[in-house]
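Scroll down for the structure; my scribbles are underneath it.
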Protein chains: 2
Amino acid sequence: VTNLADIKAAAERLRGISVRTPLFFNHELNRIARGTVLIKPECLQVTGSFKIRGAYNFLSQLTDDERRRGVVAWSSGNHAQGVAAAGGMLGVPAAIVMPEDAPKAKLDNTRKLGGEVITYDRYTGDREAIARRIAAERNAVTVPSYDHERIIAGQGTVGLEIAEQSLEMDMPPDQVLICCGGGGLSAGSAIALVAMLPGVSVHSVEPAGFDDTARSLARGERVQVAGDARSICDALQAHTPGEMTFAINRELLGAGLAVSDAEVCEAMRFAFLQLKMVIEPGGAVALAAVLSGKIDTEGKTTAVVLSGGNVDRQLYADIQNGWSG
Amino acid sequence: VTNLADIKAAAERLRGISVRTPLFFNHELNRIARGTVLIKPECLQVTGSFKIRGAYNFLSQLTDDERRRGVVAWSSGNHAQGVAAAGGMLGVPAAIVMPEDAPKAKLDNTRKLGGEVITYDRYTGDREAIARRIAAERNAVTVPSYDHERIIAGQGTVGLEIAEQSLEMDMPPDQVLICCGGGGLSAGSAIALVAMLPGVSVHSVEPAGFDDTARSLARGERVQVAGDARSICDALQAHTPGEMTFAINRELLGAGLAVSDAEVCEAMRFAFLQLKMVIEPGGAVALAAVLSGKIDTEGKTTAVVLSGGNVDRQLYADIQNGWSG
């Protein structure tokens, strides 16, 4: 199982590769929360989301032979860009299976970063099966998007930085809210946070309808959500938690939270107006949980991860103009 | 004259008040620049621009008697919000004279922060005269937006942080590009940068038509630009450099740069797509100078200040949709 030392080793590998994104606060947000809210903006990260952390940590540990054979991944877009960028940095050919309706910005950027994009239908195709078939044909290595210890360790550097930076600022959080798709970011970050900040509670935040981790945490075992759910959060549409990630999250997370599309859109408007940051729907769920009062923040210090900012121009404009999903 | 010690003292006063905004890089920007570009995003600052730094440094040094009498400022919007916020924190009543066509976000936020807003016509009124009359009537203290040593020292903390952070990252810049209206940010920052980074060159960046500092630097004396100039950069519409700021800038700055509205809009689009940051037109000029090749960045380390992000939703959407001024 991934531990703090693995995460620190990942942080070493990522030095000069990923950005040590800041941890900062905003007076208006503090006023609304009646407490202190520390913002960790991974939208400022290389490729616009935290995903480069896990992808690079994984790819940089491949053998020379594996590097030559290349990698195959499946992703709604942020892991895709992370894998493509890491592949480009390390000279590893990267093919990525992506939904054909993924945000254009994510498709375009993955190609621009040198990734070979293979599209499929999100609602009928099985992306993992497609990726595994291609990997078998090419004798390539698959890069899971969350359920692997090197991915978990890489994403965990977000939690490591939150712990380090909040201690430097003398503002250790009482609670940390982290968006959750398959659970890699929350699992890795929780390992670092719980190890470094005694008494901290860590909560997953998911889109309503895709709150498989919240339900699984409540039940104490992995459950599956309905297949017909829809959400504006294209990055967080997991139907069941990862096996490895849930084994960690079950031990380390508090109750899971869920937010509606309307709450996500409101958070994206707040981020534009007050934080001056472009966040994508999936990147806004933790902020949405604070703004919509899903968790008590009064008199507490709460850290929220803004996990990404890869959103299409038109959707962004529509949301800023008041559209709420 | 303001010196490094004054700026360090201002940094102490600002501890816990202003955000120590990060210094970070972006691979795509580095690729375009063929060098390293360090981004200092003051759009993430409290009130959405660097102006809280100077305003708080000024207001926190008022006597008890002066605090009771209150302050009066004039501003196109960012200094307004800085003064209103600092006034709110320190319990000092703040009246601010603002153009009636200032961005709505700036007018609204200044009021929301507790500032008393008095509007005037940007093209016919004399904001400084109006502010001085009100100050005289109320026996209040005027807060200049740039031409005062406490303002210069406060804004200089931006340069201090760039120097400190770039040294921590072991990436001291060869050149630093700073937007310039009256010249407070560039003067204060240049003092810190030149003192701490031997060999660095610091350049002002202005909107074309309002390049009074560039022309003054070239002439070696303060000159005035034509009164009929127009620019999308509402925050940078100074017609002549400050007396105090120019005395400093003349000694410390390299040649001044200027960018067009179209170049500014392109930089705002780049910031949305690649940096995931909302920057206002005036906040985009230094980035625009890099993207449009106004200065040689190849093989060099160049720091750029993104000075603010207070832009109206509609203008922002229009620019993202391709409008270029």
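Proteins come first, then strands; the chains are lettered A, B, ... in the order of their sequence lines, and each starts at number 1.
- Looking at A:Gln274, only its side chain comes within 4.5 Å of chain B, counting heavy atoms on both sides.
- For A:Leu44, the parts sitting under 4.5 Å from any heavy atom of chain B are the backbone and the side chain alike.
- A:Arg313 places no side-chain N or O within 3.5 Å of a backbone atom of B:Asn321 that could act as its donor or acceptor partner.
- Contact count versus chain B (heavy atoms, under 4.5 Å) is highest, among A:Met169, A:Lys112, A:Arg20, for A:Lys112.
- In this structure, the portion of A:Glu28 lying under 4.5 Å from any heavy atom of chain B is its side chain and not its backbone.
- Counting heavy-atom pairs closer than 4.5 Å to chain B, the top-ranked of the candidates A:Ala271, A:Pro41, A:Cys43 is A:Cys43.
- Contacts of B:Leu306 with chain A are absent, with no heavy-atom separation under 4.5 Å from either backbone or side chain.
- Distance alone, capped at 3.5 Å, is enough to place a donor-acceptor pair between the B:Lys276 side chain and the A:Gly309 backbone.
- Only the side chain of A:Asn109 has a heavy atom closer than 4.5 Å to any heavy atom of chain B.
- A donor-acceptor pair is defined here as one N or O able to donate and one able to accept, closer than 3.5 Å; no such pair exists between the side chain of A:His27 and the backbone of B:Ala85.
- A distance of 9.5 Å separates CD in A:Gln45 from CZ in B:Phe24, rounded to the nearest 0.5 Å.
- Heavy-atom distances place no part of B:Met171 under 4.5 Å from chain A, backbone and side chain included.
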Evaluation steps, side-chain contact (heavy atoms from CB on, under 4.5 Å), between A:Asn26 and B:Val46: CA-CA 6 Å; A:Asn26 174 274; B:Val46 177; over 6 Å; no
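- How far CE of B:Met277 is from CE of A:Met277: 8.5 Å, rounded to the nearest 0.5 Å.
- Residue A:Ser49 does not touch chain B at all, counting heavy-atom pairs closer than 4.5 Å.
- In this structure, no portion of A:Ile52 lies under 4.5 Å from any heavy atom of chain B.
- Here the OH-OH distance, from B:Tyr316 to A:Tyr316, works out to 5.5 Å after rounding to the nearest 0.5 Å.
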